[in-house]
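A quick write-up on the structure given underneath.
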Amino acid sequence: MESESRREAWERRSEWWLMGAALVFVAVFAWPILDPGLDPAIRTACWAVAWLTWVVFAADYAVRVWLSRDRWGFVKSTPFDLLIVVLPFLRPLALLRLLALLGVLNRRAGDALQGRVAYYVLVATSLLLFVASLLVLQAERGRPGATIDDFGDAVWWAMTTMTTVGYGDEFPVTTTGRLVAAGLMLAGIALLGVVTATVASAFIQRVTDSDEEAEAATRADLADLTAQVAALREEVARLRAGGEPAGPAG
């Protein structure tokens, strides 16, 4: 248990640093995609910084495994982190590290359900749209028959795909682009399901709270009535004990 607390302490201390590294990765990953005519030296520097962020994530993962009491269990419970480390060519998955920001925003939002939903929807939606737009633009730009050739087209395609509207004016023609589309559709459906379930839970909670308040009021009235009946019984007993006529029998 001590090792688990040490790992949790490490995760709390490294959380902001890792989010900073993920933001740096986003910048160096996005810059060459958004600017195809970027100077080769700058492009090489971006590539080197991207690899450096991968080293940071790999070192963090190694420390977390080492501090875990059940190391194999920890590895099985963190598949995305393992993929980032073991498969460097999937380094765009490092962008998922930004999802840790949701936990921070959740703590900032406090206990208000509406606040938590607003933060989750805003951050998760923005992150998914931006990442999917970059990935599909990288896969589609310059390909024969491609309809997504600039970032504006990519963002529009990502919005229509994530909401499952699918106008069809822009669509991926490469295998990589279609894989991104499949992932974005699943993520959009999942996000919508989470929001819907949360809103439904809020309504159910309100109804439950109202029922509990009504039951509490009923119990209070019953207790008051019971107390009054007990007082009347005591008064009748006192009158009888004092010789007062108790009234006709029966």
Side-chain angles (χ1 to χ4, degrees), residues 1-19 64 67-81 96-129 159 162-165 185-250:
M1 300 302 292
E2 181 181 354
S3 60
E4 296 298 323
S5 62
R6 289 170 58 197
R7 193 196 75 208
E8 292 169 359
W10 167 265
E11 290 174 344
R12 286 193 298 270
R13 288 195 301 268
S14 62
E15 183 178 47
W16 287 101
W17 290 98
L18 291 172
M19 282 194 292
R64 291 159 65 204
L67 292 176
S68 298
R69 182 172 59 88
D70 182 7
R71 293 174 180 173
W72 177 240
F74 174 77
V75 170
K76 290 192 296 183
S77 66
T78 54
F80 284 117
D81 291 352
L96 294 174
R97 267 296 186 178
L98 288 176
L99 293 178
L101 183 60
L102 294 177
V104 178
L105 292 176
N106 182 47
R107 291 195 295 271
R108 297 292 183 271
D111 295 329
L113 176 64
Q114 292 80 3
R116 290 201 301 272
V117 172
Y119 277 118
Y120 276 118
V121 171
L122 176 63
V123 177
T125 302
S126 302
L127 177 62
L128 286 171
L129 285 175
M159 292 181 67
M162 185 176 183
T163 56
T164 67
V165 174
M185 285 185 282
L186 291 175
I189 293 172
L191 180 62
L192 179 61
V194 169
V195 174
T196 303
T198 305
V199 173
S201 176
F203 281 114
I204 293 173
Q205 185 62 43
R206 288 193 175 186
V207 172
T208 302
D209 291 343
S210 298
D211 291 343
E212 290 178 353
E213 291 177 1
E215 290 178 1
T218 301
R219 287 194 296 268
D221 292 341
L222 183 59
D224 183 58
L225 182 60
T226 301
Q228 292 182 23
V229 170
L232 287 174
R233 286 180 174 176
E234 291 178 359
E235 182 66 16
V236 170
R238 185 183 65 79
L239 291 175
R240 285 179 174 177
E244 296 288 341

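Hydrogens, waters and symmetry mates are skipped; everything else that's a heavy atom, side chains included, is used.
For the atom pair CE (Met162) and CD1 (Ile189), the distance works out to 10.5 Å, reported to the nearest 0.5 Å. The distance from atom CD of Gln228 to atom CG of Leu225, rounded to the nearest 0.5 Å, is 6.0 Å.
Listed by chain and residue number, Leu129, Val155 satisfy the side chain to side chain contact (heavy atoms under 4.5 Å, CB included) test with Met159 (two or more places apart in sequence, or in another chain). With sequence neighbours left out, Arg13 forms a side chain to side chain contact (heavy atoms under 4.5 Å, CB included) with Ala9, Trp10.
The shortest heavy-atom contact between Arg64 and Arg7 is O-CD, 3.4 Å.
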